Amino acid sequence: MTAELVRGQNHPLPQTRLEIRVSAGTPVVAGATLGDEQGRVRGAERVAHPGAPSLPGLEVSRQAAADHRLAVDLEALGEGVHRVNVLLALPLGTPGPSRFAAVAAPFVAVTGLDGTEIASYTITGLGAESAVVALELYRRQGAWKIRAIGQGYAGGLADMLADQGLAEAGQLAAAIQDAIALGVSRSVAAPPARTSDDARVRAAGPGASGGAAPADAEAPVTPPQQAVGDGGPINYAHPRRQTSTPPPPAPVAPPAAPGEPTQPVAGDASGWSMDERLYNQVWGMFEDLARAVAAYRSAVDFADSRMEQELDRALSDPRGRMGSAGDQAREQARAKREELVDRARAALDRDLAQLIAESEVVEPALPPAYARWDNPVWHAYRVPMELPMAVRIGDLQLPEQPELRIPMLVRLPLERGLWIDAGRGGSEAAAFMDSGQVKGLAVDTAVAVAARLLAVYPAHEFAVHVIDPAGSAAARLAPLTRAGVLAAPPAAGAAGVAEVLARLTERVDLVQMAVRAGAGADALPPGMDTAEQLLIVNDFPHGFDDRALNQLRYLADEGPSVGVHLLMVADREEASEYGPVLQPLWRSLLRLTPVPDDHLADPWVGHAWTYEPPLAPPGSRVLEQVLGQVGEARAAWPR
């Protein structure tokens with residue numbers, strides 16, 4: 001029977017191989033410290049965190065996520081370890097809440113490797129704290145127990161680590177936050193939170209059949225919004241959408257035959273429009289796949305661990321290691337392992353089949369902003385009159401089902417810039433390619449992303465600038481230049497770089513001053529372009545001096561809030577000469593790759609998702625045709 005602990009309560013641990021599950025509702029950092037009999041941590045090497053996730057007998061997550069699974073083998077910790085403190089912290093310096101009072105109470109459960117819950121603890125009563133010791137596993141008279149702690153620290157990780165006696169607490173806390181901040185550049189933004197007031201309509205989605213998703217996997221979805229900071233949610237609803245009338249009813253799936261799953265229907269999520277419902281449905285599919293695969297991987301890990309334990313027990317007696325008895329014990333252990341894995345795979349296959357069926361009806365129904373370039377919807381493309389709520393910038397997939405591609409949708413207007421890695425070290429696939437080929441594909445990816453943004457914005461509400469210091473990308477930028485969709489020809493040379501950066505920096509300054517003064521657009525200089533601005537920077541850092549670098553950092557930090565966005569095409573290794581001065585720039589951008597690579601993480605369980613860039617199919621002219629319509633619409637716009 002599960003023990004529901006309150007602060008200070010303890011409970012015996014019946015086994016030494018455990019899994020600690022954390023559910024926080026918002027991305028948090030999960031780690032653990034190994035202490036001696038007095039609870040003191042003797043050095044940074046005794047702390048497991050995203051920058052150093054594995055220690056003997058302990059493994060934690062590699063990035064911030066809403067859900068975590070920490071693996072603990074108490075017998076492998078070593079004789080000098082008497083306490084394991086499980087700690088949670090909010091990732092500071094990134095968009096999101098900075099104190100636990102602004103988030104739902106974190107829930108922590110200790111389970112066996114088979115998922116059987118031993119004890120749980122809901123951490124309540126937190127306020128200004130940004131870090132908390134959730135649980136303590138401690139050794140007492142040769143046996144291990146668990147204690148609910150819930151001790152928060154307003155001073156964050158540094159205060160927490162110092163309280164455990166770590167001499168270099170400040171330095172380690174900074175290193176942990178650096179690892180998290182860099183991980184953000186590989187993390188897909190969290191989707192809207194789910195509440196009980198706005199239900200996703202699917203009656204029997206993935207996870208229902210085989211238990212591959214947690215009990216709340218079919219919980220409701222809110223209208224698009226995201227909690228930022230401590231000031232409450234920011235509403236990202238369509239700025240021109242009329243809400244005076246109720247939303248149209250969502251499609252209803254036809255009744256399923258007894259024992260059969262519900263037939264999927266495009267747009268069966270909540271929302272005030274079909275585009276909004278499809279957006280929420282895509283996020284639901286993304287989460288369902290993440291959780292279903294997490295459950296399968298956890299089941300396989302349990303099967304492997306159980307086989308090892310059975311082999312250890314069966315072969316612990318030297319007399320049973322040789323001969324038929326030993327062979328029989330090995331065969332039985334392997335057979336049990338295969339049975340567990342087969343059952344888990346069967347449950348996953350049922351969930352995948354449902355998701356594939358859903359994808360087959362959702363993908364053809366997507367509007368241009370959400371659709372791949374090979375979707376027939378582009379044949380009827382017209383420059384829109386209204387801004388959609390999101391745009392597709394690629395596809396995501398997991399190795400368990402690589403054919404199932406989930407659209408990667410990002411909110412509009414963009415909340416952060418993009419960095420397309422032009423280096424051979426950006427991915428394993430790029431490492432085997434010629435450096436010039438990788439750089440060319442990176443520019444192609446930038447052109448494809450820019451084309452999608454231009455295609456989904458109304459005419460003259462989105463402007464694209466290009467900095468190409470040496471003119472090396474002229475041929476690959478041709479689709480943009482030929483269509484006449486650039487605000488000006490690509491800037492080259494030091495003078496061109498300085499002129500574009502100065503103009504955009506001045507625009508950010510002027511708009512910020514107008515916003516602070518509460519003035520309207522008429523307070524801006526006559527003729528100033530008030531459209532959203534995208535700056536594509538190719539071949540960075542060539543052509544950039546210290547002043548230009550500082551301006552670029554300023555645009556990355558301050559630009560998105562006033563409609564100026566960065567799209568960097570850069571090899572980070574080539575820019576390493578700038579050292580830590582570039583760290584804030586890299587942290588603020590979402591990292592993409594020009595070739596498929598498994599580096600993006602979801603906000604729930606932290607899978608490494610393979611990202612596929614949004615390139616047009618080989619031989620297709622859809623990108624040029626769409627850009628041609630955008631160019632014609634811009635040229636016809638009254639000046």
Side-chain angles (χ1 to χ4, degrees), residues 202 238 248 250-254 263-269 271 273-286 289 352-397 401-412 441 444-459 462 478-480 482-483 485 592 596 610-634:
R202 281 168 32 179
H238 195 303
V252 178
Q263 294 299 311
V265 174
D268 71 349
S273 66
M274 178 57 78
D275 286 4
E276 189 172 337
R277 292 200 293 262
L278 287 168
Y279 174 87
N280 288 336
Q281 187 171 15
V282 167
W283 269 113
M285 294 165 60
F286 185 31
L289 180 56
L352 291 176
Q354 183 75 3
L355 278 169
I356 290 171
E358 186 171 16
S359 178
E360 289 173 349
V361 299
V362 168
E363 191 70 45
L366 296 176
Y370 304 171
R372 291 197 299 258
W373 286 117
D374 59 0
N375 192 313
V377 72
W378 288 104
H379 298 327
Y381 169 76
R382 295 293 182 270
V383 178
M385 298 297 293
E386 293 186 345
L387 175 67
M389 66 187 304
V391 66
R392 185 176 191 158
I393 62 168
D395 290 342
L396 298 168
Q397 58 189 250
Q401 188 64 50
E403 294 80 13
L404 178 57
R405 298 190 292 178
I406 305 295
M408 182 176 173
L409 304 180
V410 297
R411 291 281 194 178
L412 292 177
L441 289 173
D444 290 344
T445 302
V447 169
V449 171
R452 295 191 69 88
L453 289 167
L454 284 162
V456 303
Y457 270 83
F462 193 79
L480 298 176
R482 282 198 302 262
V485 294
L592 303 177
T610 296
Y611 167 77
E612 184 177 342
L615 301 177
S620 171
R621 294 187 53 81
V622 61
L623 189 144
E624 288 82 357
Q625 291 168 357
V626 168
L627 287 176
Q629 289 197 42
V630 173
E632 293 174 0
R634 290 173 59 87

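All residue numbers refer to positions in the sequence shown, counting from 1. Just so it is clear, the structure is predicted and the values come from calculations on it, not from any experiment.
Between atom CD1 of residue Ile406 and atom CG of residue Leu396 there is a gap of 8.0 Å, rounded to the nearest 0.5 Å. Summarising the geometry, atom CG belonging to Asn280 is positioned 10.5 Å from atom CG belonging to Asp268; distances are rounded to the nearest 0.5 Å. The CG atom of Leu278 lies 10.5 Å from the CE atom of Met389; values are rounded to the nearest 0.5 Å. Put simply, CE on Met285 and CD on Gln354 are 10.5 Å apart, with the number rounded to the nearest 0.5 Å. With rounding to the nearest 0.5 Å, the separation of CD1 in Ile393 from CE in Met408 is 4.0 Å.
A donor-acceptor distance shorter than 3.5 angstrom exists from the side chain of Gln281 to the backbone of Gly267, with no hydrogens or angles considered. In this structure, the side chain of Thr445 engages the main chain of Leu441 through a donor-acceptor pair within 3.5 Å.
Between Ser620 and Glu624, the shortest heavy-atom distance links the atoms O-OE1, 4.0 Å. When all heavy atoms are compared, the tightest approach of Val383 to Gln629 is CG2-O, 3.7 Å. Listed here is the closest heavy atom pair of Val282 and Pro407: CG1-O, 3.7 Å. Minimum heavy-atom separation, Pro364 to Ser359: CD-O, 4.1 Å. Contact between Ala455 and Val626 at its shortest, heavy atoms only, is CB-CG1, 3.5 Å. In this structure, Ala266 and Ala365 approach most closely via the heavy-atom pair CB-CB, 3.6 Å.
In this structure, a donor-acceptor pair under 3.5 Å is absent between the side chains of Glu363 and Asn375.
Between Tyr457 and Leu412, the closest side-chain pair of non-hydrogen atoms falls below 4.5 Å. No side-chain heavy atom of Val456 sits less than 4.5 Å from a side-chain heavy atom of Pro368. Here the side chains of Asp395 and Arg372 are in contact, with some heavy-atom distance below 4.5 Å. When side chains are defined from C-beta on, Val377 does not count as touching Leu366, because their heavy atoms never get closer than 4.5 Å. Taking the side chain as every heavy atom from C-beta outward, Val265 and Val361 never approach each other to under 4.5 Å.
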As a quick check of understanding, evaluate side-chain contact (heavy atoms from CB on, under 4.5 Å) for Phe462 and Arg634, giving each step before the final call.
CA-CA 10 Å; Phe462 193 79; Arg634 290 173 59 87; 5.8 Å; no

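Using cut-offs of 30° and 60° on the angle between ring planes, the pair Tyr279 and Trp283 is perpendicular.
Annotation: cation-pi pair Arg392/Trp373 absent, no NZ/CZ under 6.0 Å from the ring centroid and within 45° of its normal.
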